[in-house]
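In the text below, chain A, chain B and the rest are named by the order of the sequence lines, each starting its count at 1. Computed from a prediction, not measured in an experiment: that's the story for all the values here.
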2 protein chains.
Amino acid sequence: MARVGLNTERLTAAGAELADEVGFDKVTVSALARRFGVKDASLYSHVKNSQDLKTRIALLALEELADRAAAALAGRAGKDALTAFANAYRDYAHEHPGRYAAAQLDLDPETARASAAVRHSQMTRAILRGYRLAEPDETDAVRLLGSTFHGYVALERSGGFQHTPRTAEDSWTRILDALDALLRAWPAA
Amino acid sequence: MARVGLNTERLTAAGAELADEVGFDKVTVSALARRFGVKDASLYSHVKNSQDLKTRIALLALEELADRAAAALAGRAGKDALTAFANAYRDYAHEHPGRYAAAQLDLDPETARASAAVRHSQMTRAILRGYRLAEPDETDAVRLLGSTFHGYVALERSGGFQHTPRTAEDSWTRILDALDALLRAWPAA
DNA sequence: TACATTTGCCTAGGACGCCTAGGTAATTTA
DNA sequence: TAAATTACCTAGGCGTCCTAGGCAAATGTA
């Protein structure tokens, strides 16, 4: 009996690809087994269960996304950093819709704390350093940016922007302009 | 054989309640049947299939949400309207997490066009009338607001704001202040 | 090279959710 | 009161998840 050479890592990677192809919610243990030409029971030596598989894909996506964002930030500051970071985020969502969806999976608090999710908020804070906001304004701004980026991508992906001639691309650019302006003139409490 | 008196409407309403209790993704035909003390096959005279059931719950949630937002907007303008609208949105998500999740379901374009989703964007535009933005700025601002509100609620629900002492409540208030300031001083292209 | 150990993948099978077909009894309508 | 409708049923097929236990391929060791 020829062995395919499965292991946890390969399963996670293949699961991520599958997610991009058919959607994260359609990533199942059996679909993944089918892709490897293997019985589904065979996967349970490598992943604990379906939830475990999905969590691993989510963590992979968070890592990849953080890596991209970090690369985008390197050597930039101010609006330049803001734009590069935001685009890294949005581009990843476009290129890897399934992985992006995976990154939104609700992780249990412990897993989340050990994940690349922390790098994400650290990087957002790094961008804001250029705008010199004092606490708690910086925290509020972190949340505003996170919300807006995530929300925009979510609405865009669900087709919410298709009813007007204005392209999602153009609005995005202008919204980044607007956020930059807002951060430079953050209103006093 | 005693009849329970099922019909599509009651199933949808019960499905919405179930969603709030156990999460929208755990709303299944069999769980709903169990709740009525009925065999799952019995539900298929009232809903076409599982997807149909979920779509109906989503449409119900969109209606409810639009009704609340409309009530919040009545008689208000400017920042007052912005705040009331945003809070209606967020409060609904807190009170009805399952329904709110349902409202995010990807509807097929035709269903979406016939849904209350259109009312939502119309109302957002109504708020912006107080800020007198010309097109395409108004469209961009509609997208910014939609993204931010949705994104904030999503991040808040997934526990993304629990790592700092700053409360989600306080950041929300300040973000609304900031958005108001931004809309009043929308940067020129 | 021979044997022992590990491990990758298997079969068998149970639980549960989705859904169809066809039936019977309760309700409504004529 | 008979006919038509409808609410719910049983039976059963299929797919996904997951466990238990087995065999054979790969790997380590003498």
**Message:** So for atom CZ, which belongs to A/Arg35, do other residues, nucleotides or ligands contribute more than 12 heavy atoms lying within a distance under 6.0 Å?
**Reply:** yes
**Request:** Write down the distance between CG (A/Asn7) and P (C/dC9), rounded to a whole number of angstrom.
**Result:** 9 Å
**Asked** Is atom CD of A/Glu21 surrounded by more than 12 heavy atoms (other residues, nucleotides or ligands) closer than 6.0 Å?
**Response** yes
**Request:** Just say parallel, tilted or perpendicular for the rings of A/Tyr89 and A/Tyr100, cut-offs at 30° and 60°.
**Result:** perpendicular
Listed pairs under 3.5 Å, donor-acceptor, residues 59-67 of chain B side chains, sequence neighbours left out:
residue	atom	partner	partner atom	Å
B/Glu63	OE1	B/Arg119	NH1	3.2
B/Glu64	OE1	B/Tyr92	OH	2.6
B/Glu64	OE1	B/Arg99	NE	3.0
B/Asp67	OD1	B/Arg119	NH1	3.2
B/Asp67	OD1	B/Arg119	NH2	2.8

**Stretch residues 27-52 of chain B: residues that reach within less than 4.0 Å of DNA chain C through a heavy atom** = B/Thr28, B/Val29, B/Ser30, B/Arg34, B/Asp40, B/Ala41, B/Tyr44, B/Asn49, B/Ser50
Got a list of side-chain donor-acceptor pairs under 3.5 Å for residues 71-82 of chain A, not counting sequence neighbours?
residue	atom	partner	partner atom	Å
A/Arg76	NE	A/Ala72	O	2.9
A/Lys79	NZ	A/Asp177	OD1	2.5

**Message:** Counting distance alone, no hydrogens or angles: does the base of C/dT27 have a donor or acceptor under 3.5 Å from a partner atom on the side chain of B/Arg3?
**Reply:** no
**Asked** Roughly how many Å is it from NZ in A/Lys26 to C1' in D/dG15, rounded to a whole number?
**Response** 15 Å
